[in-house]
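To keep things clear, I will list the structure first and then write my remarks on it.
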Amino acid sequence: MNQEEIDSLVEMAKAEIEAAEQETTAVSSRFPSVSVDDLPDSWREAMARAGWAKLMPVQSKAMPYVMANYDLMVQSRTGSGKTGAFILPILERVNPLLDACQALVLVPTRELAQQVTDEAKVLAGETGVRVTAVYGGVGYGNQLQALRQGAHIVVGTPGRLLDHLLRRSLTLDELQILVFDEADRMLSMGFYPDMKQVQRYLPQRRVGSFMFSATFPPRVLSLARQFLHEPDFMGLSTDNVHVAETTHSYIVVPPTDKDRSLVRLIEVENPDSAIIFCNTKMKVNYVRVVLQRFGYDADELSSDLSQKDRERVLQRVRDGKLRFLVATDVAARGIDIPELSHVIQYEPPEDHEVYIHRAGRTGRAGASGEAISLVDFTEKMKLKQIAKRYEMELEERPLPSHEDVARVVAERMTVLLETKLRERDKLQTERMQRFVPLARQLAESEEGLSLLAMLLDDSYQLSLHTPLPAETAAEAKRGVEAKKSGRSRRRRRSSRRS
Ligand code: AMP
């Protein structure tokens with residue numbers, strides 16, 4: 001898919017977002033919920049294999065839809081039992097005697113692919129239903145073998161699935177069920193163009209399609225409309241489709257290593273966009289320099305800036321062209337900036353109320369938001385007081401280790417490189433072969449490995465400067481409009497709190 005095609009898809013998505021926002025409403029379930037007593041013996045046996053005595057709410061409510069082949073979007077979090085909600089009925093619906101892929105589960109990461117596959121294998125037991133995981137960054141051998149044997153359920157990440165579809169090692173002619181798991185994460189990782197390509201390989205006839213997502217911001221709703229046929233919406237924690245939620249968390253970090261801890265957090269968390277608050281303009285300047293030197297697209301907002309420079313920075317944020325804005329509270333006061341996926345507090349504020357203003361910059365316009373604070377031991381006490389005062393749930397998160405960072409970066413890089421490789425034409429692929437002996441030789445010595453690591457690092461740095469996907473930027477713009485109504489809502493909320 002070339003850039004022009006991607007752009008036109010994104011344009012279409014924008015128009016559909018508008019329509020989806022207006023048309024999607026939560027409905028009461030059109031099928032009665034089921035309980036264990038309603039289930040056939042085969043399902044109960046499957047549950048017994050997994051050690052489950054009862055169904056979880058998402059399972060009771062969503063399973064009848066999958067059985068009836070009626071398209072559905074479900075708002076559900078990891079840990080709610082959503083995997084069982086689609087795997088149990090899928091096991092019932094696939095024909096083990098037909099050696100073809102009959103159910104496809106699209107997931108954003110290889111870990112999730114493996115997790116869903118493992119759970120499906122336990123539930124399948126000895127029924128003869130074969131499940132396989134398909135994801136990038138590993139050799140093709142085992143995957144090809146499993147697909148050749150006729151895996152009935154394929155769980156995979158979009159890029160590698162696309163490779164198999166292109167090579168015809170996977171065909172979807174017999175597909176009955178399509179599931180999108182953690183749909184919001186898939187989109188934030190920029191899988192949308194790959195998913196549209198996968199869609200080209202789906203059968204012409206209608207395939208029952210189901211989407212599970214922790215949140216349904218506008219871009220996920222638009223995606224749902226493109227892949228699902230007149231779906232019902234099931235919100236399990238609320239009847240409202242726009243679940244605006246901010247998670248408040250903190251990470252205890254060594255005071256002398258806060259800057260590097262911030263970098264580790266950013267790598268692992270991979271925010272679409274974030275505002276990073278510091279208490280002084282000196283700190284703002286320092287953090288901005290650190291982020292830029294690490295290669296991030298970052299800029300600062302402090303009272304030292306001229307009005308012209310201030311406007312320039314703000315315009316970049318509004319256009320969705322700046323990923324990280326580092327600011328003091330004073331400089332950020334009253335500015336009109338759009339929806340941000342993350343608010344990072346490099347240090348908690350002196351004044352309790354300021355915390356609420358900072359955190360209020362995320363979790364709006366139907367998206368989920370993250371407010372993360374980096375604290376040392378004394379600051380942790382201060383933060384706990386703030387949480388107590390505002391009756392906020394505050395979660396402690398571990399500081400990502402160097403190994404966590406290396407793993408996440410490796411995964412992201414592999415997806416990026418595999419996408420690039422797929423886009424090469426025949427001539428480019430042929431030309432590239434000249435370097436295969438060198439690559440092999442470099443991989444064999446420490447010096448050679450450093451050269452390879454440097455190349456990977458260069459590519460990775462370039463990817464850090466990729467502007468936000470157009471959908472996100474469009475969403476960000478809408479956030480400005482949503483802000484006007486959100487502002488009065490927040491004001492009401494904070495006046496209730498104080
Ligand atoms: P999930 O939301 O699919 O990631 O599932 C979260 C966890 O809940 C997994 O460890 C499942 O094995 C477990 N689980 C799913 N369904 C049930 C159930 N009906 N009873 C008990 N545990 C369950």
Side-chain angles (χ1 to χ4, degrees), residues 29 31-67 72-94 103-127 129 131-135 152-157 177-189 191 208-216 220 224 233-238 243 245 247 268 368 370 393 395 397 408 411:
S29 183
F31 301 105
S33 301
V34 288
S35 71
V36 178
D37 300 335
D38 305 319
L39 301 178
D41 288 347
S42 55
W43 293 43
R44 278 193 275 203
E45 283 158 19
M47 287 178 64
R49 279 193 287 277
W52 304 346
K54 291 193 309 192
L55 290 177
M56 291 171 87
V58 65
Q59 296 166 348
S60 298
K61 291 184 181 174
M63 284 186 344
Y65 278 83
V66 188
M67 283 314 287
L72 178 70
M73 291 185 272
V74 186
Q75 180 237 324
S76 62
R77 292 186 168 282
T78 297
S80 60
K82 64 185 165 61
T83 315
F86 57 83
I87 291 294
L88 277 168
I90 284 177
L91 288 173
E92 190 63 23
R93 286 190 50 197
V94 299
L104 179 64
V105 183
L106 289 158
V107 294
T109 62
R110 64 175 97 171
E111 281 82 11
L112 189 58
Q114 202 53 62
Q115 206 176 300
V116 171
T117 305
D118 291 346
E119 188 159 327
K121 281 183 177 166
V122 171
L123 291 166
E126 301 300 315
T127 55
V129 175
V131 194
T132 197
V134 158
Y135 46 78
H152 303 109
I153 305 176
V154 176
V155 185
T157 51
I177 304 160
L178 177 62
V179 176
F180 302 83
D181 198 2
E182 301 201 0
D184 49 359
R185 288 181 66 196
M186 286 174 86
L187 283 169
S188 71
M189 288 178 77
F191 281 134
S209 304
F210 308 91
M211 190 173 277
F212 292 78
S213 189
T215 59
F216 278 87
V220 180
F233 176 81
M234 190 179 281
L236 288 170
S237 52
T238 164
V243 190
E245 236 176 47
T247 311
V268 171
S368 62
E370 293 277 348
E393 254 183 61
E395 188 189 314
R397 298 168 48 154
V408 171
E411 183 172 333

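Source: prediction; values computed, not measured. Counting starts at 1 for both ligands and their atoms, following the listed order. Sequential numbering from 1 along the given sequence is applied to the chain's residues.
- Heavy-atom separations between Ala50 and ligand 1 are all 4.0 Å or longer.
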(request) Report the C-alpha separation of Trp43 and Val34 in whole Å, then their side-chain angles, then the decisive distance to 0.1 Å, and conclude whether the side-chain contact (heavy atoms from CB on, under 4.5 Å) test is met. (result) CA-CA 12 Å; Trp43 293 43; Val34 288; over 6 Å; no
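- Atoms of ligand 1 found under 4.0 Å from any heavy atom of Thr83, numbered from 1 in the order shown, are 1 (P), 3 (O), 4 (O).
- Residues passing the salt bridge (charged side-chain N to carboxylate O under 4.0 Å, His left out) test with Arg49: none are found, sequence neighbours excluded.
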(message) Please determine whether side-chain contact (heavy atoms from CB on, under 4.5 Å) holds for the pair Glu45 and Thr127, giving the CA-CA distance in whole Å, both sets of side-chain angles, and the decisive distance to 0.1 Å.
(response) CA-CA 10 Å; Glu45 283 158 19; Thr127 55; over 6 Å; no
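- At a heavy-atom cutoff of 4.0 Å, ligand 1 is contacted by the side chain of Gln59 but not by its backbone.
- Heavy-atom contacts of Lys54 reach the following atoms of ligand 1: 18 (C), 19 (N), 20 (N) (cutoff under 4.0 Å).
- Ring-plane geometry between Phe31 and Tyr65 is classed as perpendicular, the angle between the planes exceeding 60 degrees on a 0 to 90 degree scale with a lower cut at 30.
- Residue contacts with ligand 1: Gly84 is placed with no nitrogen or oxygen under 3.5 Å of a nitrogen or oxygen of the ligand (distance criterion only).
- Residues Thr157 and Tyr135 approach most closely at OG1-CA, 3.4 Å, considering heavy atoms.
- Atoms of ligand 1 lying under 4.0 Å from at least one heavy atom of Ser80, given by number and element, are 2 (O).
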(request) Show your working on side-chain contact (heavy atoms from CB on, under 4.5 Å) between Val107 and Gln115 and close with a plain yes or no. (result) CA-CA 10 Å; Val107 294; Gln115 206 176 300; over 6 Å; no
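- Ligand 1 has no nitrogen or oxygen under 3.5 angstrom from a nitrogen or oxygen of Gln115.
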